[in-house]
Protein chains: 2
Amino acid sequence: MAPVPTAADFRAAGLRLPGPCEEWADDAGFIRGVVDRVGDKWTVLVIGTLGDGPRRYTDLQQAIPGISQRMLTLTLKHLTRDGLVERTAYPEVPPRVEYALTGLGQSLLSSVLALARWAYDHRDDIRTHRATFDRTNTA
Amino acid sequence: MAPVPTAADFRAAGLRLPGPCEEWADDAGFIRGVVDRVGDKWTVLVIGTLGDGPRRYTDLQQAIPGISQRMLTLTLKHLTRDGLVERTAYPEVPPRVEYALTGLGQSLLSSVLALARWAYDHRDDIRTHRATFDRTNTA
DNA sequence: CCGGATCCAACCCGATACTG
DNA sequence: CAGTATCGGGTTGGATCCGG
């Protein structure tokens, strides 16, 4: 499979972190904004769930254990606003609304999965480090 | 350069999202925890800055505009605990402490950069979508 | 069925002051 | 220099009730 690109890959592609991270905090602030969005409690779960195909509001709610109406609605609205998710309301009664990943959303899914894969691959390393750290620090 | 892997790549590699995202929220909760950590305000900046090489505490503080002592210390402690960052204290006076990315930390940097690259590549798409969405919604 | 509106608790984070 | 301790505002997010 295609390997997760290395930092060198990104530098080679002309995307690097400037000395002080002003570009991160600057033109970014935008990038930071995106990372924030991805990092918040539910976005990843919603995107991940929609990665399997379109879902209705209620389906999402029960596919994502623990999410509240408020947060689901809010997250979906944000994602829709950013063009990552497409909302389709069918003029029926009772109402039916489906959410699906846009092309943009699917491309983000890739990067998110890259992160998830990293976490998955290294979960034992992290757990081990935490254990040793905690033992060293609480003894 | 190596392209960002697609969702299909990950599925092919045997890493997929289970139907309901229980593995995300379950064995994960762990993955969620990692994503949370990455998503918080300063982690990305710290890792990005350390990606250029080891730095001292004070150097980090002024390389990352706006970070407070508290947050720098906290972020570094978390990263150290997870084994992403290595702390080296030199028994001198005045004290000198250096922080550096571990191998694990560098591998995470890759994924984080993947996300940053995504944000960078698609910033115009997102801005456009936001504009149209806001116009449609506030008019 | 889909979501908006409100209230309220919990936590996050910045500012400040202080220590080894 | 490299942190720790404490306080207080601001935001997040869950619960609940209500509307279309």
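Letters go in sequence order (proteins before strands), and every chain restarts at 1.
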Identify the residue among Leu84(B), Leu79(B), Leu109(B) that makes a side chain to side chain contact (heavy atoms under 4.5 Å, CB included) with Leu104(B). Leu84(B)
Rounded to the nearest angstrom, tell me the gap between atom [atom1] in [X] and atom [atom2] in [N].
| X | N | atom1 | atom2 | value |
| --- | --- | --- | --- | --- |
| Glu98(B) | dC1(D) | CD | P | 14 Å |
| Asp40(B) | dG13(D) | CG | P | 13 Å |
| Ile67(A) | dA15(D) | CD1 | P | 12 Å |
| Arg96(B) | dA2(D) | CZ | C1' | 13 Å |
| Leu60(B) | dC1(D) | CG | P | 14 Å |
| Leu72(B) | dC12(C) | CG | C1' | 16 Å |
| Met71(A) | dG14(D) | CE | C1' | 8 Å |
| Gln62(B) | dG3(D) | CD | C1' | 16 Å |

Measure from the side chain of [X], starting at C-beta and using heavy atoms only, and say which of [options] lies closest.
| X | options | result |
| --- | --- | --- |
| Arg56(B) | dG14(D), dC1(C), dA2(D) | dA2(D) |
| Lys41(A) | dC1(D), dA2(D), dG14(D) | dG14(D) |
| Pro95(B) | dC1(D), dT4(D), dG14(D) | dC1(D) |
| Arg70(A) | dG14(D), dT4(D), dC13(C) | dG14(D) |

So, are Arg81(B) and Asp134(A) salt-bridged, with charged N and O less than 4.0 Å apart? yes
Taking only the side-chain nitrogens and oxygens of Thr73(B), find out if one of them lies under 4.0 Å from OP1 or OP2 of dA2(D). no
Is the phosphate of dC1(D) approached by Tyr99(B) (side-chain N or O, under 4.0 Å from OP1 or OP2)? no
Is there a donor-acceptor pair under 3.5 Å between the side chain of [X] and the backbone N or O of [Y]?
| X | Y | value |
| --- | --- | --- |
| Thr80(A) | Glu86(A) | no |
| Asp124(A) | Arg127(A) | no |
| Ser111(A) | Trp118(B) | no |

Given DNA chain C, 5'-ward residue of the pair Gln69(B) and Leu76(A), judged by closest heavy atom: Leu76(A)
